Amino acid sequence: MPVHNAEIARLFEQLADLLEVEDANPFRVRAYRNAARTVSNNSKSMADLLAGGKDLSKLPGIGKDLAEKIRTIVETGRLPLLEEVRARTPAALSDLMKIEGLGSKRVKVLYSQLHITCPEDLQRAARSGRIRELEGFGRKTEEMILHRLEHFGDAQARTRLVDAEETVKPLLAYLQATRGIKDIVVAGSFRRRSETVGDLDILATASRGSPVMDRFVAYDQVAEVISSGKTRATVVLRSGLHVDLRVVPQASYGAALCYFTGSRAHNIAIRKIGVRKGYKINEYGVFRHDKRIAGKTEKSVYRQVGLPCIEPELRENSGEIEAAGKNRLPRLVSVDDIRGDLHCHTRASDGHDSLEEMVTAARAKGYEYIAITDHSKRLTVAHGLDEKRLLREIGQIDRLNDKLDDIVILKGIEVDILEDGTLDIQDKLLGQLDLVVGAVHYKFNLTRRKQTERIIRAMDNPYFNILAHPTARLINERAASEMDMEKVMTAARERGCFLEVNAQPVRLDLTDSHCRLAREAGLRVAISTDAHSTKGLDHMRFGIDQARRGWLEAADVLNTCKLPDLRKLLTR
DNA sequence: GCCGTTTTCGGCCCGACTGTTTTCAGTCG
């Protein structure tokens with residue numbers, strides 16, 4: 001069982017927490033946190049990199065020591081230094097630090113003065129009024145702790161981007177209607193179009209005396225006000241989502257937008273470049289000797305550090321700054337580049353709308369083509385098509401195509417990949433289709449080796465074109481199936497097959513880092529909505545978001561091709 | 001613990017808000 005990047009990151013994070021409680025050098029603590037982030041953000045597994053003979057100390061924030069520690073973890077599953085530290089300092093203290101408002105300093109006092117090591121101890125102590133007597137603590141802090149403990153352990157899953165959008169839309173409209181409001185925008189991971197967001201960061205500019213802060217904390221969906229000052233407030237909505245609002249002067253809008261869009265790692269890297277040039281960069285602007293020299297627009301901030309403006313989706317400090325420096329930023333794919341949808345369903349299987357309705361909706365989008373890919377027979381819950389019903393659908397599409405001159409309907413199927421890697425529809429029929437989309441809908445938990453073999457075997461079928469929702473993960477619901485993604489991508493490229501970025505907001509499968517992996521492997525991806533209704537076709541933009549985060553350009557995407565080129569690529 | 005086009009030593013982002021304080025430490029992002 002290979003050690004996952006997430007596990008390595010978890011060990012480093014815990015080590016950082018415990019060292020912080022022990023008052024270790026804060027920069028050493030930060031080094032472990034940075035390393036945890038580098039590891040978990042890396043699209044390739046550390047185990048694979050090591051197996052491939054790669055030098056991990058080349059990774060940002062990983063030096064000789066941490067490279068060696070990663071190797072030890074991969075080889076033994078253990079981090080000896082963490083075990084040493086745990087012998088002195090209880091590991092559970094790192095859980096206490098997850099409670100909002102408790103950091104290393106307070107946890108250290110709680111542990112050393114009251115021997116508190118877990119949330120239960122903490123609750124008992126707070127209820128009996130012993131917390132307020134500690135130096136540096138008081139009545140309010142004790143109340144805060146009790147309050148936070150009530151909701152501690154509630155699944156603190158990150159919010160899916162689509163849900164965050166639903167939440168923020170009415171809030172933005174409400175704030176927009178405030179007297180004196182000028183700009184208002186959602187920054188943070190939402191603006192970077194991350195597949196999930198931890199909280200929402202709203203940035204506003206407003207004229208002096210605008211009551212925007214008062215209005216914000218008075219919003220009817222606010223369940224709790226965490227803090228509220230003149231320029232910044234934090235609330236928790238009834239949905240559980242944390243929302244920050246920051247108000248800055250107009251002259252600082254661009255600098256603030258950079259600052260609050262992040263990512264943190266990206267900002268720090270940009271600020272370092274600024275420091276080298278003798279500038280101070282913060283949310284109010286770029287300063288030289290306390291004089292603001294840039295900051296009204298984002299572009300002005302980047303220009304001041306000698307870089308072109310970097311798209312929000314790329315701001316993860318994962319190579320975009322170096323690429324910008326060499327003027328080699330990708331020209332990211334956009335919704336306008338898309339010429340058709342290659343995966344959608346009709347009422348024939350589990351879709352809500354008819355063939356005609358789906359095609360009409362695709363025409364309204366200006367698409368050149370749309371592929372109809374209903375399910376195959378094994379998926380009985382979806383009323384999957386057998387050979388006979390598939391033949392009937394083929395006939396329907398042929399007749400409809402004859403009547404249309406502004407769009408072409410491609411005949412397809414989303415065929416089940418069976419456990420042994422064979423396909424759920426006879427080859428004879430697959431050969432009559434324009435494209436075959438294959439997907440795994442059961443046996444998600446095969447071993448990594450077996451799952452990889454299963455998928456490659458499916459791609460061995462000469463009619464196979466696109467692997468749909470490759471890992472079958474559902475965000476916050478079902479983990480990704482284990483597979484050797486690099487092997488799958490290599491196999492796909494060798495066979496003339498493609499992988500899908502499924503644009504359903506709950507899937508977004510491939511992930512952003514998979515997209516990047518595909519680009520590096522020279523493998524085109526299809527961005528498809530897997531629409532089960534005409535409305536589902538609108539999800540394309542979420543797939544585009546994911547692809548943009550994965551550095552994809554139009555040329556990296558199969559369905560940006562004109563129909564004749566697409567047909568060539570679908571002929572193996 | 002990492003890092004280097006002024007450096008292999010001496011830096012490492014920094015401002016807002018809160019609570020406990022009487023000038024600041026802790027936490028967060």
Side-chain angles (χ1 to χ4, degrees), chain A residues 12 15-17 19-21 23-38 56-70 79 81 96-110 131-145 147-148 187-190 197-203 213 217 225-235 242-248 252 255-256 258-287 305-306 317 325:
Chain A
F12 282 163
L15 181 54
D17 283 348
L19 286 174
E20 205 178 357
V21 172
D23 265 335
N25 176 348
F27 298 106
R28 184 178 171 220
V29 171
R30 186 190 294 174
Y32 282 112
R33 294 201 199 284
N34 288 341
R37 203 174 45 222
T38 296
L56 298 185
S57 69
K58 295 272 191 292
L59 295 172
I62 309 285
K64 219 174 120 201
D65 180 272
L66 283 169
E68 207 40 55
K69 287 194 167 73
I70 293 172
L79 177 54
L81 176 61
L96 286 183
M97 287 176 64
K98 307 247 176 329
I99 296 170
E100 198 171 349
L102 289 189
S104 61
K105 296 284 162 53
R106 286 181 178 151
V107 164
K108 185 193 168 88
V109 171
L110 291 168
I131 305 280
R132 70 178 71 184
E133 285 156 14
L134 294 170
E135 197 176 328
F137 289 72
R139 184 179 52 81
K140 288 210 167 174
T141 305
E142 188 174 81
E143 283 169 7
M144 179 271 293
I145 287 172
H147 181 76
R148 299 277 191 272
S189 49
F190 184 93
V197 301
D199 59 11
L200 289 172
D201 297 293
I202 301 178
L203 174 68
M213 278 300 170
V217 297
V225 178
I226 303 259
S227 74
S228 135
K230 280 204 290 287
T231 65
R232 173 181 157 181
T234 304
V235 303
H242 282 52
V243 186
D244 272 17
L245 174 65
R246 335 255 184 153
V247 181
V248 299
S252 301
C258 284
Y259 189 91
F260 296 123
T261 298
S263 66
R264 218 147 99 143
H266 175 88
N267 285 349
I268 289 171
I270 292 289
R271 224 167 293 149
K272 272 186 187 164
I273 300 176
V275 168
R276 271 211 298 277
K277 293 177 182 285
Y279 305 143
K280 184 178 77 167
I281 303 177
N282 58 29
E283 60 263 56
Y284 297 112
V286 182
F287 296 86
V305 293
N317 193 29

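What's counted below: heavy atoms across the whole structure, side chains too, no hydrogens, waters or symmetry copies. Bear in mind that the values here come from a model prediction, so they are computed numbers and not experimental data. Chain naming here is simple, since letters A, B, ... match the order of the sequence lines and numbering starts at 1 in each.
Nearer to the 5' terminus of DNA chain B, by closest-nucleotide assignment, is the contact made by A:Ile62 (compared with the other of A:Ile62 and A:Tyr284). Residue A:Ala67 is the one, among A:Phe137 and A:Ala67, whose nearest nucleotide of DNA chain B lies closer to the 5' end (criterion: closest heavy atom).
Close to B:dG15, at under 4.0 Å from its OP1 or OP2, lies a side-chain N or O of A:Asn282. Within the 4.0 Å cut-off from OP1 or OP2 of B:dG11, not a single side-chain nitrogen or oxygen of A:Lys272 is found.
For A:Thr231, the listed nucleotide lying nearest its side chain is B:dC17; candidates were B:dG15, B:dG1, B:dC17. When distances run from any side-chain atom of A:Leu66 to the nucleotides B:dC2, B:dG15, B:dC17, the shortest one goes to B:dC2. Comparing B:dA16, B:dG19, B:dC12 by their nearest atom to the side chain of A:Phe27 picks out B:dC12.
When all heavy atoms of A:Val21 and A:Ser104 are compared, the pair lying nearest together is N-CB, 3.9 Å.
With A:Asn267 contributing its side chain and A:Tyr259 its backbone, the two residues share a donor-acceptor pair below 3.5 Å. Between the side chain of A:Ser252 and the backbone N or O of A:Ala255 there is no donor-acceptor pair closer than 3.5 Å. Panel note: side chain A:Thr38, backbone A:Pro60; a donor-acceptor pair is recorded below 3.5 Å.
The CZ atom of A:Arg264 sits 9.5 Å away from the CZ atom of A:Arg33 when rounded to the nearest 0.5 Å.
Using C1' as the reference atom, B:dG1 and B:dT5 are 24 Å apart when rounded to the nearest Å. Remark: the separation of the P atoms in B:dT7 and B:dC2 is 22 Å, to the nearest Å. Rounded to whole Å, the separation between the C1' atoms of B:dC12 and B:dC17 comes to 25 Å. Nucleotides B:dT21 and B:dC14 have their C1' atoms positioned 23 Å apart, rounded to a whole Å. Spacing of C1' atoms, B:dT23 relative to B:dT18, comes out at 15 Å, to the nearest Å. Taking atom C1' on both B:dT20 and B:dA25, the two are 9 Å apart, rounded to the nearest angstrom.
In this structure, CG of A:Asn25 is placed 13 Å from P of B:dG11, rounded to the nearest angstrom. What separates NZ of A:Lys230 from P of B:dG15 is a distance of 16 Å, to the nearest Å. What separates CE of A:Met213 from C1' of B:dA16 is a distance of 10 Å, to the nearest Å. Atom CD1 of A:Ile226 and atom C1' of B:dA16 are 15 Å apart (whole Å). With rounding to whole Å, A:Met144 atom CE is found 9 Å from B:dT18 atom C1'. Counting to the nearest Å, the C1' atom of B:dG1 and the CG atom of A:Leu19 are 10 Å from each other. Between the CZ atom of A:Arg139 and the P atom of B:dT21 there is a distance of 12 Å, rounded to whole Å. With rounding to whole Å, A:Lys64 atom NZ is found 12 Å from B:dG1 atom P.
A donor-acceptor contact closer than 3.5 angstrom links the side chains of A:Asn34 and A:Arg37.
B:dT8 is unpaired under the criterion used here, namely a Watson-Crick or G-U wobble arrangement in which both key atom distances are under 3.5 Å.
Contacts of A:Ile281 with the nucleic acid, taken as non-hydrogen atoms under 4.0 Å apart, are absent. Among the protein residues, A:Lys108 comes within range of no part of the nucleic acid, since none of its heavy atoms lies under 4.0 Å from any strand.
Look at B:dT6: its glycosidic torsion is beyond 90° from 0, and that puts it in the anti range.
Using a cutoff of 4.0 Å between basic side-chain nitrogens and carboxylate oxygens, A:Glu143 and A:Arg139 are scored as salt-bridged.
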Which nucleotides of nucleotides 22-29 of chain B have their base under 4.0 Å from a protein heavy atom (B), which only their sugar-phosphate (S), and which neither (-), written as one string 5' to 3'?
----SSSB
What protein N or O atoms touch nucleotides 4-7 of chain B N or O atoms at under 3.5 angstrom, if any, and at what distances?
none

